[in-house]
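Data first, discussion second: the structure below is written as C-alpha cells.
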Amino acid sequence: MRIGLIDVDGHNFPNLALMKISAWHKAQMDAVEWWDGFKEYDIVYMAKVFDETYSPDMPEPFNAKKIVKGGTGYGLCNKLHCEAEHIYPDYALYPQYCSDTAYGFLSRGCPRRCSFCIVPEKEGPRSVKVADVSEWWHGQHSIVLLDPNILACADCVELLNQL
C-alpha cells in the first residue's frame with residue numbers, strides 16, 4: 001500500500017503519532033511518505049494537534065482511497081491502535097529535530113483540572129504509566145518527555161529511574 005502523511009500543524013515540532021503510524025506501516029512493508037498532491041494513495045493520515053484557534057485545517061486530499069484524521073485538533077476521542085501506539089517511532093520523518101533526540105510519553109493523564117487544559121478530558125483524570133523509556137529511546141543523546149504530569153503518576157519513581 002502507498003501511505004501519505006500530512007502534518008496539518010506544520011513541521012515545527014515532530015508529530016509523534018505520525019512517526020508511529022509511519023513505523024507501523026513500514027513494518028507492514030507499505031510505502032510511506034509525506035503526502036504529495038500529484039500521487040495516488042491508499043490511505044492518507046492527517047494529524048492535527050491544535051484546533052482552529054491556533055492551526056487552520058486544510059482541505060481533504062482528493063487523491064486517497066481512505067482518509068484518516070487524528071489528533072486533538074480533530075477531537076478528543078481518536079487514538080492510535082495499540083500496535084502503533086507501542087511501536088518505536090520513525091525518527092527519519094523529522095531529521096531536522098530527531099537526529100539525536102528521542103520523543104515520547106511515559107505516562108498519560110493528569111489529576112489537575114487547569115481551565116486551559118484538555119488532558120484530563122482526553123487522557124483521563126489520573127496520571128498512569130503507558131510505556132517504558134526503551135519503547136521510544138534507543139540511545140539518542142537527548143530525550144524530550146511529552147508527559148503532561150509524570151510526577152502525579154503512581155509509578156513516577158520507576159519511570160524517573162529509567163531516565
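Ionic pairing of Glu85 and Lys20 is present here: one or more N-O contacts between side-chain nitrogen and carboxylate oxygen are shorter than 4.0 angstrom.
Taking both residues in full, the closest heavy atoms of Glu135 and Val130 are given as OE1-O, 4.4 Å, listed atom of the first, atom of the second, then distance. Among all heavy-atom pairs drawn from Ala92 and Pro95, the shortest one is O-CD, 3.2 Å. Minimum interatomic distance between Cys153 and Leu159 (heavy atoms only, all atoms of both residues): SG-CD1, 4.1 Å. Residue Glu83 comes nearest to Trp24 through the heavy atom pair OE1-NE1, 3.2 Å, listed as atom of the first residue, atom of the second, then distance. The minimum heavy-atom distance linking Ala27 with Ile87 is given by the pair CB-CD1, 4.4 Å. Among all heavy-atom pairs drawn from Asp36 and Asn63, the shortest one is O-ND2, 3.0 Å.
With sequence neighbours excluded, the residues that form a side-chain hydrogen bond (donor to acceptor under 3.5 Å, both in side chains) with Lys65 are Asp42. Remark: His141 pairs with no residue by the ring pair (Phe, Tyr, Trp, His ring centres under 6.0 Å) rule, at least two apart or across chains. Every residue was checked against the side-chain hydrogen bond (donor to acceptor under 3.5 Å, both in side chains) condition with Tyr91, not counting sequence neighbours, and none meets it. Partners of Glu40 by salt bridge (Lys or Arg N to Asp or Glu O under 4.0 Å), not counting sequence neighbours: none found.
Looking at heavy atoms from C-beta onward, Asp100 lies out of side-chain contact with Ser142 at the 4.5 angstrom threshold. At least one side-chain heavy atom of Asp90 sits less than 4.5 Å from a side-chain heavy atom of Lys26. Here the side chains of Ile150 and Ser127 are not in contact, with every heavy-atom distance at 4.5 Å or above. A heavy-atom distance below 4.5 Å is not found between the side chains of Arg112 and Pro125. Proximity of Ile3 to Glu33: side-chain heavy atoms (C-beta onward) are nowhere separated by under 4.5 Å. Proximity of Leu160 to Leu151: side-chain heavy atoms (C-beta onward) are separated by under 4.5 Å at one or more points. Within the 4.5 Å cutoff, the side chain of Val144 has heavy atoms near those of the Leu146 side chain. Looking at heavy atoms from C-beta onward, Leu5 lies in side-chain contact with Ser22 at the 4.5 angstrom threshold.
Grouping the Ile, Leu, Val, Met, Phe, Trp and Tyr side chains by contacts below 4.5 angstrom, directly or via other members, places Tyr45 apart from Phe50. Hydrophobic clustering, with ILVMFWY side chains joined whenever heavy atoms are under 4.5 angstrom apart, groups Val32 together with Leu18. Residues Trp34 and Met1 are members of one and the same hydrophobic cluster, defined by side-chain heavy-atom contacts under 4.5 angstrom among Ile, Leu, Val, Met, Phe, Trp and Tyr. Residues Val128 and Leu145 share a single hydrophobic cluster, defined by chaining ILVMFWY side chains whose heavy atoms lie under 4.5 Å apart. No single ILVMFWY cluster, assembled from side-chain heavy atoms under 4.5 Å apart, contains both Leu76 and Val68.
Less than 6.0 angstrom separates the ring centroid of Tyr103 from the ring centroid of Phe13.
With Asn78 contributing its side chain and Gly71 its backbone, the two residues share a donor-acceptor pair below 3.5 Å. Of the possible polar contacts, one joining the Asn15 side chain to the Ala17 backbone as a donor-acceptor pair under 3.5 Å is found. Gln140 contributes no side-chain N or O that, together with a main-chain N or O of Ser99, makes up a donor-acceptor pair within less than 3.5 Å.
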Checklist entry - When you look at Asp30 and Arg2, which way does the side chain to side chain contact (heavy atoms under 4.5 Å, CB included) test go after all the steps? => result CA-CA 6 Å; Asp30 296 332; Arg2 174 176 263 163; over 6 Å; no

Checklist entry - side chain to side chain contact (heavy atoms under 4.5 Å, CB included) between Trp136 and Leu106: does it pass, once the steps are laid out? => result CA-CA 9 Å; Trp136 45 264; Leu106 295 175; 3.8 Å; yes

Next on the checklist: Applying side chain to side chain contact (heavy atoms under 4.5 Å, CB included) to Tyr54 and Asp9, what does each step give before you reach the verdict?
Outcome noted: CA-CA 9 Å; Tyr54 302 101; Asp9 297 309; over 6 Å; no

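Apart from Ile67 itself, the hydrophobic cluster it occupies contains Ile6, Val8, Trp35, Tyr41, Val44, Met46, Met58, Tyr74, where clustering links Ile, Leu, Val, Met, Phe, Trp and Tyr at side-chain heavy-atom distances under 4.5 Å.
For the residue pair Ser107/Asp147, the side-chain donor-acceptor check at 3.5 Å is satisfied. Between the side chains of Thr53 and Asp51, a donor-acceptor pair is found at a separation under 3.5 Å. Side-chain N/O atoms of Asp7 and Tyr94 include a donor and acceptor closer than 3.5 Å.
The list of side-chain hydrogen bond (donor to acceptor under 3.5 Å, both in side chains) pairs with a residue in residues 115-125, not counting sequence neighbours, reads Arg108-Glu123.
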